[in-house]
Colleague: 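A single structure is presented below for examination.
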Amino acid sequence: MKKLLLILALTATGLTSASAQSILVNPNFNQGANNLAGYEAYAAWSQGTTYFQSPWDFPDAPVVANGGGTAVFSMNTGLATRDPFWSGANQEMSFQQNFWTPDNNAGVTQTTDLYSQELTFTGFAQVSQAYASGNLGQVFIQFLDFNYNSVAFVTADVSSLPASGAFNLKASAPASGLNIIQVGFRNSGTEGTAGQMTASQLSFTAVPEPSTYALLALGGLGLGAHLLRRRRRA
């Protein structure tokens with residue numbers, strides 16, 4: 001019986017280790033020079049009651065991959081260059097990967113099911129150009145419902161990270177009710193002002209929550225007892 005339980009424990013450990021592999025499509029920006037495969041870039045501006053948002057992956061959302069595992073993103077002056085009205089507008093720029101849930105309402109085939117998982121986003125995000133007062137650089141994990149509203153947002157301010165720039169974000173995904181889980185970076189502040197972040201060595205992992213481990217353990221004990229009874233009958 002002890003031998004059987006040991007085998008089950010080793011098997012469970014193997015499964016956990018495998019599930020903790022990085023699931024980012026492009027964690028190191030190094031699938032070729034200036035390659036941002038797997039990421040979305042999005043920008044929005046507001047000034048008074050006037051609002052403008054760029055299409056996904058539009059050049060108004062400034063992200064540059066330097067190759068070799070580094071990407072740089074910053075506040076942008078592109079919109080004000082074309083239309084001076086937007087000079088001094090409020091701006092937000094996001095740069096992320098999307099993980100669609102099995103029951104998403106957009107008909108997207110999910111690559112992995114992150115429901116009921118403990119999520120960890122790690123890497124390095126360093127300020128490469130100082131943020132002006134009121135500007136903010138963030139790393140985040142975000143959960144979006146079926147109306148694309150944020151139901152939870154776990155974040156760290158890159159400007160307050162240690163000198164190494166290392167970050168380690170953790171979040172627990174719910175068991176249902178989501179359209180997308182997003183992981184990435186966000187800049188916000190005044191259009192055209194300083195603020196630039198350099199990111200590298202990213203990893204996004206998922207492992208079963210403790211309750212899932214408990215179910216696995218109970219299942220293993222039940223299987224062990226069943227096999228032991230069969231051996232005694234034989």
Colleague: Considering non-hydrogen atoms only, spot the tightest contact between V25 and A37 and give its length.
Modeller: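 Closest approach of V25 to A37, heavy atoms only: CG1-O, 4.3 Å.
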
Colleague: Verify the distance criterion only: is there a donor paired with an acceptor across the side chains of Y39 and Q96 at less than 3.5 Å?
Modeller: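 Judged by distance alone, the side chains do not pair up.
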
Colleague: Quick one: sort the F204 and F99 rings into parallel, tilted or perpendicular, breaks at 30° and 60°.
Modeller: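 Correct class here is tilted.
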
Colleague: To the nearest 0.5 angstrom, please state how far the CD atom of Q138 sits from the OG1 atom of T155.
Modeller: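 The CD atom of Q138 sits 3.5 Å away from the OG1 atom of T155.
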
Colleague: In terms of the angle between their ring planes, are W86 and F52 parallel, tilted or perpendicular, with boundaries placed at 30° and 60°?
Modeller: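 It falls in the tilted class, 30° to 60°.
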
Colleague: Who pairs with Q201 by side chain to side chain contact (heavy atoms under 4.5 Å, CB included), at least two apart in sequence or on another chain?
Modeller: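 Residues passing side chain to side chain contact (heavy atoms under 4.5 Å, CB included) with Q201: F124.
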
Colleague: Could you verify whether a donor N or O on one side chain and an acceptor N or O on the other, from E40 and Y42, lie under 3.5 Å apart?
Modeller: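 The criterion, which ignores hydrogens and geometry beyond distance, is not satisfied for Y42 and E40.
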
Colleague: List the atom of A206, the atom of I23, and the distance in Å for their closest heavy-atom pair.
Modeller: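 Closest pair (atom of A206, atom of I23, distance): CB-CD1, 4.4 Å.
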
Colleague: Is there a side-chain contact between L36 and F29 (heavy atoms, below 4.5 Å)?
Modeller: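 A side-chain contact exists here, since the closest heavy-atom pair is under 4.5 Å.
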
Colleague: Going from CG on N105 to CG on N179, what distance comes out if it is rounded to the nearest 0.5 angstrom?
Modeller: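 Rounded to the nearest 0.5 Å, the CG-CG separation comes to 4.0 Å.
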
Colleague: If a pair satisfies salt bridge (charged side-chain N to carboxylate O under 4.0 Å, His left out) and one of its residues is in residues 133-156, list it, with sequence neighbours excluded.
Modeller: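 Matches after skipping sequence neighbours: none remain.
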
Colleague: Linking I/L/V/M/F/W/Y whenever their side-chain heavy atoms sit closer than 4.5 Å, directly or via other members, would F95 and L24 fall into one cluster?
Modeller: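 Looking at the clustering, L24 is in the same group as F95.
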
Colleague: What residue pairs, at least two apart or across chains, pass ring-ring contact (aromatic ring centres under 6.0 Å, His included) with a residue in residues 128-152?
Modeller: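 Output for this query lists F140-F153.
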
Colleague: Would you kindly confirm whether V127 and M93 end up in one hydrophobic cluster when ILVMFWY residues are joined by side chain heavy atoms under 4.5 Å apart?
Modeller: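 Shared cluster, yes.
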
Colleague: Output every pair passing salt bridge (charged side-chain N to carboxylate O under 4.0 Å, His left out) with a member in residues 45-54, not counting sequence neighbours, ordered by first then second residue.
Modeller: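 As it turns out, there is no salt bridge (charged side-chain N to carboxylate O under 4.0 Å, His left out) pair with a partner in residues 45-54 once direct neighbours are skipped.
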
Colleague: What pairs of residues pass the salt bridge (charged side-chain N to carboxylate O under 4.0 Å, His left out) test when at least one of them lies in residues 90-100, not counting sequence neighbours?
Modeller: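 Sorted result for residues 90-100: E92-R186.
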
Colleague: Show your reasoning for whether side chain to side chain donor-acceptor pair (under 3.5 Å) applies to Q142 and Q182.
Modeller: CA-CA 5 Å; Q142 181 169 225; Q182 291 182 331; 2.9 Å; yes

Colleague: Could you tabulate the donor-acceptor pairs under 3.5 Å formed by side-chain atoms of residues 170-178, not counting sequence neighbours?
Modeller:
| residue | atom | partner | partner atom | Å |
| --- | --- | --- | --- | --- |
| K170 | NZ | T120 | OG1 | 3.2 |
| S172 | OG | E118 | OE1 | 3.1 |
| S172 | OG | E118 | OE2 | 2.8 |

Colleague: Between the side chains of S128 and Q196, is a donor N or O closer than 3.5 angstrom to an acceptor N or O?
Modeller: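 On atom types as modelled, these side chains qualify, holding a pair under 3.5 Å.
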
